[in-house]
2 protein chains.
Amino acid sequence: MMWRDHSGRTLADYDRPSVAVDVALLTVVDDGLAVLLHERTGEHETGRWALPGTFLHVDETLAEAALRALRDKAGVTGHRPDQLGVLDRVDRDSRGRVLSVAHVDLVPAETLLTGGDGLRLAPVTELADASLPFDHDEIVARAVRWARDLHRLDPDPRGLLGAEFTLLELQRLHEAVAGTEFQKDTFRRIMIGGLDETGALSRGGVGKPARLFRRA
Amino acid sequence: MMWRDHSGRTLADYDRPSVAVDVALLTVVDDGLAVLLHERTGEHETGRWALPGTFLHVDETLAEAALRALRDKAGVTGHRPDQLGVLDRVDRDSRGRVLSVAHVDLVPAETLLTGGDGLRLAPVTELADASLPFDHDEIVARAVRWARDLHRLDPDPRGLLGAEFTLLELQRLHEAVAGTEFQKDTFRRIMIGGLDETGALSRGGVGKPARLFRRA
DNA sequence: AAAATAGTGTCTGTGAGACACTATGTT
DNA sequence: AACATAGTGTCTCACAGACACTATTTT
C-alpha cells in the first residue's frame, strides 16, 4: 500500500523530490553521549524508534524546520542546529523520493524533560547497527563525530555547563563527549587558553577547592 | 515578471521547495586554482557568469545530477563530486524557493577542452566578492577550502598528475592549490609516507635527475 | 593524621620548520 | 668549471603526554 499525502497523491505524482529534515539531538547523561529518539506512530511502523524529523516548508529555513521538528515531535527546544549533510539514496524512503538534510544539536540534559511518552534517550554506545530506520544510524554516527570534533580543542563549546565551572567539571563533560578519559594536566593545558578565571573558588566539596572559570 | 516552468506554473504553486545542484569544478592552471564558470542565457541574466547547476530529478542521486550539470551546461566530464552542503536562504533565488546542494570536484586542466563558447576558467584569487549570482561566491569559497584541506597531508589526492611524478612536480601542484610556497625538505617529509618509489629517474631536465614516485 | 582533590615543575618524545651541506646531473 | 636541481643531516622550537611532587581543603 502506497503512502499518500493529504490530497491523496503519492510522492511519485510530483516531479521533484521532497526535502525532509532529521535531527540528532544529543545530550550528555551518565558520563556519555545520548541521542533523543521518538516512537513513530504510523500504520506499519509502530514501535519503531527514529530521529525526530519533518518535511521542509517553503517559507522556512532548514534550521527553522529542524527546530520545528524538535518542538512538534519531541516537545523539546533545540538551540542552534548545525547541518551535517544531505542523505540522498534514491531508495532511502519507501514512500517516495525524499532527501533528508541531517542536522545535529547538543543541549543540556536539563532541557529534556522527557515525560517518557514516546520519547527515549539512547546512549550512542548502545545503538547497534541497523537499529534505526532509514539511514538514521549514519546520521547519529556523523552527529557523534561532529560533537567530538567540536570539543577537541574548545572548552564546552555549546555551553552545557553553567556560566562558571571547575576544570574537573569541564573535564568530565569532555570525557563524556569523547568517550575516553584524559589526564588532568594535559587537559588543563589544552583548555586553559580558552578560559577566564573568575577569581572565585568552588565550595562545599571534599579536597582542595578548585578555581572557577568561565569560557573566554 | 514571475518565472514559470514548462507547464506554466510558478514555483509558488508547489507546496514544497525545489532542489538544485550547483558545482564548483576546480582545476589548476598557471600555478593557481581556477573554477569553471558558464554564461547564463536567460531573459534578464545574459552576461552573468555562474557555476554550472541544474535541478535534481527524482530518479537520480545528487552526485549524478552534479555530473549531469557539468555535462549539459559545460560539456565537461566531472569525476567524483563531493557534497559541500545545502544553501537554504529563503530569498536566495528570485524565481521561488530553491535549495541548492553545493558540490565540488577537482579535475586535470587537460580534461577541460573549453572551446571558449560561454565557458570560462576564473582564477579563484581574482573573483571579487559578489561577482557571482545567488550565493555562488560562498560555494566557491567552500570549494577552495575543501581542496586545500584535501591536499594538506595527502599527495595529489585527486590524481591530477600522471601515474608517476617527481617531488618537485608534486610540490608545484600543492603550492598551486594552497596558494603559498613550501620548503622542499618539509614538504618531502610530509608527503613521503604516502608515496612509493618507482625506481626510475626523471630524464631530460637540467640538474640532478629526480626519483619518480607514484601514490601509495 | 589521613584522605581527597587541585595545581604545577619538569622530563621525554615527536614532529614541523628551517639552514646548510652534499650529491649528481647539464651546459 | 659553473650552474642547476635533488636529497638529507642536523639544529631548534613548540607542544602533547606523562610522572611525580607540592598545596589546600574536609573528615
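These numbers were taken from a predicted model, which means no experiment stands behind them. Chain letters run A, B, ... following the sequence lines, proteins first and then strands; every chain starts at 1.
- Not counting sequence neighbours, the partners of A/Glu175 by the side-chain hydrogen bond (donor to acceptor under 3.5 Å, both in side chains) test are A/Gln171, A/Arg172.
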Using atom names, set out every protein N or O paired with an N or O of nucleotides 9-13 of chain C below 3.5 Å, distance rounded to 0.1 Å.
residue	atom	partner	partner atom	Å
C/dT10	O4	A/Arg189	NH2	3.3

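- Note on B/Asp105 versus B/Arg158: salt bridge recorded, some NZ/NE/NH1/NH2 to OD/OE distance being below 4.0 Å.
- Computed from C1' positions of five pairs at each end, the angle between the two local axes of the helix from C/dA1-D/dT27 to C/dT27-D/dA1 equals 20°, rounded to 10 degrees.
- Between the CG atom of B/Leu201 and the P atom of C/dT26 there is a distance of 11 Å, given to the nearest Å.
- Among residue pairs with one or both ends in residues 58-113 of chain A, none qualify as ring-ring contact (aromatic ring centres under 6.0 Å, His included); sequence neighbours excluded.
- Contacts of B/Arg152 classified as salt bridge (Lys or Arg N to Asp or Glu O under 4.0 Å), with partners at least two apart in sequence or in another chain: B/Asp149.
- Taking every heavy atom of residues 166-183 of chain B and every atom of DNA chain D, pairs under 4.0 Å involve B/Leu168, by number.
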Sequence neighbours left out, cut at 3.5 Å: what donor-acceptor pairs do the side chains of residues 177-189 of chain A make with other protein atoms?
none

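- When the nucleotides C/dA16, D/dA16, D/dG7 are ranked by their closest atom to the side chain of B/Lys184, D/dG7 comes out on top.
- Here the C1' atom of nucleotide C/dA6 and the CD1 atom of A/Ile192 are 12 Å apart, to the nearest Å.
- The distance from atom CZ of B/Arg188 to atom P of C/dA18 is 17 Å, rounded to the nearest whole Å.
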Side-chain polar contacts of residues 19-30 of chain B - donor-acceptor pairs under 3.5 angstrom, sequence neighbours left out - could you list them?
residue	atom	partner	partner atom	Å
B/Asp22	OD2	B/Ser100	OG	2.7
B/Asp22	OD2	B/His136	NE2	3.4
B/Thr27	OG1	B/Val107	O	2.7
B/Thr27	OG1	B/Ala109	N	3.0

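- Protein atom CG of B/Leu153 is 12 Å distant from nucleotide atom C1' of C/dA16, rounded to whole Å.
- Rounding to whole angstrom units, CD of residue A/Glu197 and C1' of C/dT8 are separated by 14 Å.
- Not a single salt bridge (Lys or Arg N to Asp or Glu O under 4.0 Å) links B/Arg148 to another residue, sequence neighbours left out.
- Across every non-hydrogen atom of B/Lys73 and B/Leu119, the tightest pair is O-CD2, 4.0 Å.
- In summary, A/Glu138 and A/Arg142 engage in a salt bridge, as defined by a charged side-chain N under 4.0 Å from a carboxylate O.
- When the side-chain hydrogen bond (donor to acceptor under 3.5 Å, both in side chains) test is applied to B/Arg211, the partners found at least two apart in sequence or on another chain are B/Glu197.
- A donor-acceptor pair shorter than 3.5 Å cannot be found between the side chains of A/Thr198 and A/Arg214.
- Under the rule for a side-chain hydrogen bond (donor to acceptor under 3.5 Å, both in side chains), the partners of A/Asp93 that lie at least two apart in sequence or sit in another chain are A/Arg95.
- Between A/Arg152 atom CZ and D/dG17 atom P there is a gap of 11 Å when expressed in whole angstrom units.
- Applying a 4.0 Å cut-off to non-hydrogen atoms, the residues of residues 208-216 of chain A that approach DNA chain D are A/Lys208, A/Pro209, listed by residue number.
- Salt bridge annotation for A/Arg97-B/Asp59: absent, with no cationic side-chain nitrogen under 4.0 angstrom from a carboxylate oxygen.
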